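Only this structure's heavy atoms are used, side chains among them; waters, hydrogens and symmetry mates stay out. Residue numbering restarts at 1 for every chain, and letters A, B, ... go by the order of the sequence lines. Owing to the predicted nature of the structure, the values given are computational and were not obtained by experimental measurement.
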Amino acid sequence: MGSDRKSGGRAPALRKRDGDYVGEYRPQEIEAKWQKKWEEERVFESEAEASEESFPPRAHRSPLEKREGRAAQASALVPQKKAKYYVLEMLPYPSGTLHMGHMRNYTIGDVVARTKRMKGFNVLHPMGWDAFGLPAENAAIKANTHPRTWTNNNIAEFQRVLRRFGFSYDWRREISTCEPEYYRWNQWFFLRMLERGLAYRKKSRVNWCPKCCTVLANEQVVNGGYCWRHEDTLVEARDIEQWFLKITAYAEQLLEDLKQLEGEWPERVITMQRNWIGKSIGAKVYFEVAGTDERAASSDQNTSQCGAPARIEIFTTRIDTIYGASALILSPHHPLSEKLIEGADAGAGLRTARPAEENRRKKLAQMRQASLKMEDIATAEKDGFFTGQYAVNPFSGERIPIWVGNFVLMEYGTGAIMAVPAHDERDFEFATKFGLAIPVVVRPRLEAQDGAPAPFTEYGVSVNSGPYSRLTSEEAIERMAADAEARGFGKKETIYRLRDWGISRQRYWGTPIPVIYCARDGMVPVPDQDLPVVLPANPKLTGEGESPLATDPEFANVKCPKCGGPARRETDTMDTFVDSSWYFYRYCDPKNDKAPFEAAKANYWFPIDQYIGGIEHAILHLMYSRFWCKVMRDLGLISHNEPAARLFTQGMVLKDGAAMSKSAGNVVGALEMAERYGADTGRLYTLFAAPPEKDLEWSEESIEGSWRFLNRVYRLVDKHAAGANRRLSGEGEQRSLVGDPDGGKKTEAPPSKAARGAPATEKEKALLRKTHQTLRRVTQDFETRWHFNSAIAQVMELTNAVYAAEDSVRPEIRGEVLEILTLMLAPMTPHLAEELWEILGHTGGLWTAGWPTYNAELAKEEEVEIVVQVNGKVRGRLRVAAGAAQGEVMKLAEADPGVAAYLKGKKIVKVVPVPDKLLNIVVV
RNA sequence: GCGGCUGUGGCGAAAUUGGCAUACGCGGCGGGCUUAAAAUCCGCUGGGGAUUUCCCCGUUGUCGGUUCGACUCCGACCAGCCGCACCA
């Protein structure tokens, strides 16, 4: 980054230029000055939630309104009752250093918050810390300190940096999830879920990360079997007793309510959630097990010779293909797969060779082992073996072999499938490899599709399906499911891919799960009045073995709350995603010690109007917190269904092609940036370099451009004010001075406060026109499209126009333009804008000003350029009065020599006019 | 394999509803100021030609379609990125 000319310690300030003294833009001083002022004046504190009564809108009238007496009309557009606006960036995990990737996220939120405040909303814009978590524990072990020390140090540092960037947070509401005042409510929620059967404990196959030394939720397993924290570490399967939250109870609602979010949340996130929930509508069908003889005669023989259970349940979405089932296939982990391979080896007459029992056992063990590794499951070759047993197809009565296959997942459906090779790719592959029959039972609807490649997996028309032949697939699915249900061998069923949320973690730095195990009373919830269950202050952390809390007898050994006998505490802690599932509600009422929050306060502020964060939480945090919201609604705590009305996922900041991160070693530190160029330049650059949803490649060279622009604006305003002051004091124009001119501050009356004249010259008109056109577009870009980059480009153009106009416009006109320009910059570069506002002579602080009102009258073009095309090619340009009549434009076009040349000798067949823009003449 | 997103100058990008493609910025080149440099201000920057006014040509990943007119809409393809992935 080279020179230190931008650093704070430059030679001071005043230089002579064109007879005016122009100061130098010194962001470090300006930024500190205004941050202090904002804090003193408590500018960013939202108004009380109870304030549903009317508030007068923030008094703002733009200079132009004042001049034209339009204030009354304009304020009619502002809601009389101050509307609330809750804008939130996802809370950070305080680790490492804040870099410009983080700053981009917070800058976007801050622009929104500041804009809304200027527009008269009661804005809630809080910040807090996702303070529990494994990295703190690991770092503490490494540095031989306490996770709390490590975390709090980081929080202090994060705070410092965020304040340095001037983000407009209401710091009174700051929360930290590792404080007992916060996590006691995690425990409280857990107990409420326990009461409702939404929290339960079971032993199950879970994902274990050997590096984290703890269990992971399904959502924390990425890239087909790797730990989300250690993307190079394969997750292992373990059977562990742990706590689950029953998110599956809300599967349908979570899916259904995504519809409400359409258009408000990124399509991508909605799609990902939909896929994650993975709803399948189908049917369960029960197949009787018929023993080892495929031809077994007696229909009443429905237990096998080795005592295997009577029936196998399968799930299918294509019950219409059941006449084409040529086998049942069980998952290696299916409990029956073990039972079915027992018993005497096959007798004579089997169609398919049955491996000897010993080999069957070996094979099963092998397949179970293989499927523990989650990698390559999708790509692994199909494998399986015949159990020797048969089952009866309840529709056809046909006996079909029962196999075990490696591609059948125990975790999905019933862990068993019917194989229909003719109409399913995987079954086809399996059948081809092992020589199973491939009977066709669905034909394409159109003859033209006949001879379609096997397998044919689409809907069509049933054939060879007994009474169901000739039905369309849709009809067959409907009828066969109903018949199966009526005849008692099946039923319609909807299943979801979504699994319950495993929240037990075998680590220290998290919320203790508030239950106690008593030898006599079993599992006993900790009574509400005993909350919070506080983490022991001095744990023995090793990062290995069982939960650290289990090794702390003082913590683990307790009296049973029911019988008073000796009991043992649960020593696992909660997944930290519990903390972040409801944190945004706590901001509404951060100090409440009676309840997680007061319902009225939450209902005032919620839903979040604008939530902003990274795409990496598309499923994790954003699914969990939607679930939590619905649980809280059912507990009667809140009265809405979804926590966030709108979601925005910003792009990453890349450097050298990779996401900025500590581990990649390519971070541009936020503090470093602020020291070198000032926070405003950093903010401006991240907004200008790319639209916010897109990834942004960091470029040191481009930052200079943003820096130069702010300097340019500063000089422009400062020079203007200096000139105005000189005129006021020296040249005897009789205008009153406000304040003390010797006070060292620029408190003289600014041009804007003086009586203003209407634009007189063409140049003045043009500049004001440009100003209001810019204001219109910037307002739109802020409001709806969030194209901050093109908004900034507009402001740059306006700045260039003011420079170009030089002295051809009177100072009072220029003053007006510069005021609007300053206000437009305020949300993006707030410190500089405050300073300019003061330089322009305002004493109240820019935060008391509102967003300027666009004046359509002044923005209107009087004369427009019309592009004349002949057969779609530009052949001439006309300057005409705006709104000129079509015939007149046509006449002018025909008179234009450039156009006429192309019309000569041709016949005009069509004329397409676009008013005030274009005229296309079609000739042959 | 399925789903989604993206493709525009040397670079980051703009183009609001189908209406002048390349605004704004970076980089580069030239000029003013300066003894000089930095900073700053001004101009040029798709290609070719005319010393100006100007003329010709090309162009938004590729091919096709709709349209008076397509970066924008439709179809097919190519490339890159992301997500899911034996989900029955």
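Look at CG on Leu798(A): it is 13 Å from P on C24(B), rounded to the nearest Å. For Phe407(A) and A88(B), the CZ to P distance is 13 Å, given to the nearest whole Å. The CG-P distance, from Asp427(A) to C86(B), rounds to 14 Å in whole Å. Atom CD in Gln773(A) sits roughly 16 Å away from atom C1' in C24(B) (whole-Å rounding). Asp424(A) has its CG atom 13 Å from the P atom of C86(B), to the nearest Å. In this structure, Arg497(A) places its CZ atom 11 Å from C1' of G83(B), rounding to the nearest Å. Put simply, NE2 on His333(A) is 13 Å from P on C86(B), counting in whole angstrom units. Following rounding to the nearest Å, Phe430(A) (CZ) and A88(B) (C1') show an atom-to-atom distance of 13 Å.
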In sequence, state the C-alpha distance, the side-chain angles, and the governing distance for Phe788(A) and Phe782(A), and then conclude on ring pair (Phe, Tyr, Trp, His ring centres under 6.0 Å).
CA-CA 7 Å; Phe788(A) 305 119; Phe782(A) 276 24; 5.6 Å; yes
Is there a side-chain hydrogen bond (donor to acceptor under 3.5 Å, both in side chains) between Ser699(A) and Ser702(A) once you walk through the steps?
CA-CA 5 Å; Ser699(A) 153; Ser702(A) 299; 3.1 Å; yes
Between Ser790(A) and Asp781(A), does the side-chain hydrogen bond (donor to acceptor under 3.5 Å, both in side chains) criterion hold? Intermediate values first, please.
CA-CA 8 Å; Ser790(A) 61; Asp781(A) 280 343; 3.1 Å; yes
Under a 4.0 Å heavy-atom criterion, the protein footprint on nucleotides 43-48 of chain B, written with B, S and -, is ------
Would you give a per-nucleotide map of nucleotides 12-23 of chain B, 5' to 3', where B means the base has a protein non-hydrogen atom under 4.0 Å away, S means only the sugar-phosphate does, and - means neither?
BSSSB--BB--B
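Counting any heavy atom pair closer than 4.0 Å across all strands shown, Gly278(A) reaches no nucleic acid atom. Residue contacts for Ser280(A): at a heavy-atom cut-off of 4.0 Å it reaches the sugar-phosphate backbone alone, with no base atom in range. At a threshold of 4.0 angstrom between heavy atoms, the contacts of Val795(A) with the nucleic acid are absent. Among the heavy atoms of the strands lying under 4.0 Å from Arg268(A) are primed sugar atoms or P, OP1, OP2 only; no base atom is included.
Tyr803(A) carries Arg712(A) over the face of its six-membered ring, with the cationic atom under 6.0 Å from the centre and within 45° of the normal. A cation-pi geometry, defined here as NZ or CZ lying under 6.0 Å from the six-membered ring centre and within 45° of its normal, does not hold between Lys284(A) and Phe315(A).
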Got a list of side-chain donor-acceptor pairs under 3.5 Å for residues 907-918 of chain A, not counting sequence neighbours?
| unit_1 | atom_1 | unit_2 | atom_2 | d |
| --- | --- | --- | --- | --- |
| Asp916(A) | OD1 | Gly883(A) | N | 2.8 |
| Asp916(A) | OD2 | Gly883(A) | N | 3.3 |

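As the counterpart of U34(B), no nucleotide is assigned, since no Watson-Crick or G-U wobble pattern has both distances under 3.5 Å. Both distances falling under 3.5 Å, in either a Watson-Crick or a G-U wobble arrangement, place G3(B) opposite C82(B). The pairing partner recorded for A39(B) is none, the criterion being a Watson-Crick or G-U wobble arrangement whose two distances lie under 3.5 angstrom. Partner assigned to U51(B) is none, using Watson-Crick or G-U wobble distances below 3.5 angstrom. Pairing for A15(B) is absent, judged as Watson-Crick or G-U wobble with the two contacts each under 3.5 Å. Within the shown strands, U62(B) is the pairing partner of A76(B) under the Watson-Crick or G-U definition, both distances less than 3.5 Å. With both pairing distances under 3.5 Å, G69(B) is matched to nothing as a Watson-Crick or G-U wobble pair.
OP1 or OP2 of G25(B) has at least one side-chain nitrogen or oxygen of Asn800(A) nearer than 4.0 Å. Close to G83(B), at under 4.0 Å from its OP1 or OP2, lies no side-chain N or O of Thr271(A). Taking side-chain N and O atoms only, Arg712(A) has a distance below 4.0 Å to OP1 or OP2 of C41(B). The shortest distance between the side-chain N/O atoms of Arg708(A) and the OP1/OP2 oxygens of G27(B) is below 4.0 Å.
G18(B) and A13(B) have their P atoms separated by 24 Å, given to the nearest Å. Between the C1' atoms of U8(B) and C24(B), the separation comes to 15 Å (whole Å).
Side-chain atoms of Arg311(A) and Tyr286(A) form no donor-acceptor pair, as typed in the model, at a separation below 3.5 Å. In summary, the side chains of Tyr496(A) and Glu252(A) do present a donor paired with an acceptor at a separation below 3.5 Å, with no hydrogens or angles considered. Between the side chains of Trp228(A) and Glu219(A), no donor-acceptor pair is found at a separation under 3.5 Å.
Comparing Arg499(A) and Gly705(A) against RNA chain B, the residue whose closest nucleotide sits nearer the 5' end is Gly705(A). The 5' end of RNA chain B is approached more closely, in terms of each residue's nearest nucleotide, by Met796(A) than by the other of Met272(A) and Met796(A).
Looking only at side-chain heavy atoms (C-beta outward), Val420(A) and Ile322(A) stay at 4.5 Å or farther from each other. Between Leu767(A) and Lys763(A), every side-chain heavy-atom pair lies at or beyond the 4.5 Å cut-off.
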